[in-house]
Amino acid sequence: MLQVENLHAGYGTSEVLTGTTLHVKQGSVVALIGANGAGKTTTMRAISGMIKPASGRVLLGGQPVQGLSASRIAKLGLAHSPEGRKVFGPLSVEDNLLLGAYNHLPMFFGFRGRAAEGLEKVYALFPRLKERRLQAAGTLSGGEQQMLAIGRALMANPKVILLDEPSMGLAPVIVQEVFNIIRRLKESGVTLLLVEQFAKSALEVADYAYVMERGRIAVEGTPAQLHQNERVIAAYLG
Amino acid sequence: MNMTIIAQMAVSGALMGMVYALIAYGFQLTYATSKSINFGQGELVMLSAFFSLTLLNLGAPYWLMVIGGLLFGAAMGLVVERACVRLALEQKSEGWILLTIIFGLLGFSAAENIWGRDDRPFPSPISSDALDFFGISITGLEIAVAVGVLAVMGVIELFKHKTLLGKAFAAVSADRDAAELMGISATKTIMLSYGLSGMVAAMAGILISPITTVGPTMASALILKAFSVAVVAGLDSGFGVVVIGICLGALESLTSFYLGSGWREAPGLLLLILALAVRPNGVFGKANIRKV
């Protein structure tokens, strides 16, 4: 569903990604792990068009999307839930969710009716969001904001979801909750690329994983294979 | 001194103040999406008024002139966005300040060359006869100003709060990158806000010109007050600009009556200085709350 081939990207003159290649099959959860500064978030940003890749290819459902603007790529079916959650603070929870489906809804009138089904799905997954639907998103707790960011990504009914560090800055209990949700998304057949610091938890939910070091993929394999790899155990699972 | 005269002065001033509010509202529209404003907005008001007057002189009926004028204003707004704002924003520079000022100067010269330096009357089908409200006389033109301002602002506020596209405005304002990730094109949203802002400026020109006159210098008098209103009210409250606009207009008219017309500009400037010193986010503005 998502193929990244020999991707080079960076900021200004400093190159962060030096030839990243990875694949995400339809209906699978793929984890991207690695130390701080390895280029995980940059990979996400280059895939979703937040930064322009210098070279390489990004295929979404077989269609090349590298070099397009972020809003174009989103329209083609990619939902990127960015690092730091980035909910629209002054807007209500429900408005945040509606904007998640921006490309599928009428611009002026009747968008609420058209979004009702999607909203119900997200509210079923996150009852807390339904309770707070009229509250400004900026007043939610960190965990609730993360739920909202995931819900907002789901609203677009995307081909692929990129989830960047959903556990960042959250209490351990909430982190567990986030991983439970990822498990439920996986059961419902969502295609997901997950960036995580918590390598252990990420490998528990993933079908396949890539380990990034200095801007490229160092090791890849199924979680079972990575658990056999001594380098990975020493660096990330120890 | 007679209370009726004071009330009369305050009411006529307040009605003028609503035009300042409308121009200030134009600042708010672009500030909301792009944190930039058009410093040539006064010239945009003036150019649109001249253009509308030309349409009338060519024999266009009044309603067609209004539509034509509004479209002209919107088009000019788009020109400002493309020529003065977009590149600067892409480079995260403040170059739009200088570029929009230059746009204003160019607009002023263009108007002087095309339409001449003289102030011209602007005909209107609405009667300028005074109607009597409890001893205060209000002309039909003044009522048209109030109705026009509130109607335009009401429609745009409805658009901003009740349509998905309007919510996208707020999303771009809150977090441009995140909005892009939702498939909302920030560039298009900013274009649209400049178009709307230009249209609002044209409306202000069409409403005020029959009361004042149309001339190249009308811009500078209007813009300073609109700017005071925007800063005093804060750059994010549509309700705020109307309240402050009305207050400033009334204050101005009373000042010029009691102290002489030379002091006319003083209250606006004093309010501006006071607001910047005491409440830089504006009386109706929200302080920036940043949660980490």
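Below, all heavy atoms of this structure are taken into account, side chains as well, without hydrogens, waters or symmetry copies. In what follows, every chain begins at residue 1, and chains take the letters A, B, ... in the order their sequences are listed.
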Less than 4.5 Å to any heavy atom of chain B: does that hold for the side chain of [X], its backbone, both, or neither?
X	value
Phe108(A)	both
Leu98(A)	both
Pro158(A)	neither
Arg112(A)	side chain

Any idea which heavy atoms bring [X] and [Y] closest together, and the distance?
X	Y	result
Gly100(A)	Met182(B)	CA-SD, 3.7 Å
Ala174(B)	Pro90(A)	CB-CD, 3.7 Å
Gly183(B)	Lys75(A)	O-CE, 3.7 Å
Lys167(B)	Leu91(A)	O-CD2, 3.9 Å

With a 4.5 Å limit on heavy-atom distance, are the side chains of [X] and [Y] in contact?
X	Y	result
Tyr102(A)	Leu165(B)	yes
Phe111(A)	Lys162(B)	no
Met50(A)	Glu180(B)	no
Pro82(A)	Leu181(B)	yes
Met107(A)	Leu164(B)	no

Which portion of Ala179(B) sits near chain A, non-hydrogen atoms under 4.5 angstrom: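 Contact with chain A is through both the backbone and side chain of Ala179(B).
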
Would you say [atom1] of [X] has more than 12 non-hydrogen atoms from neighbouring residues, nucleotides or ligands within 6.0 angstrom?
X	atom1	value
Arg86(B)	CZ	yes
Lys130(A)	NZ	no
Lys52(A)	NZ	yes
Phe239(B)	CZ	no
Gln91(B)	CD	yes
Tyr11(A)	OH	yes
Lys121(A)	NZ	no
Gln26(A)	CD	no

Hey, which of Ala170(B), Gly166(B), Ala168(B), Ala171(B) has the most heavy atom pairs under 4.5 Å with chain A?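 Top option by heavy-atom pairs under 4.5 Å: Ala171(B).
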
What's the spacing between Ile51(A) CD1 and Asp177(B) CG if we round to 0.5 Å?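 Interatomic distance, Ile51(A) CD1 to Asp177(B) CG, rounded to 0.5 Å: 11.0 Å.
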
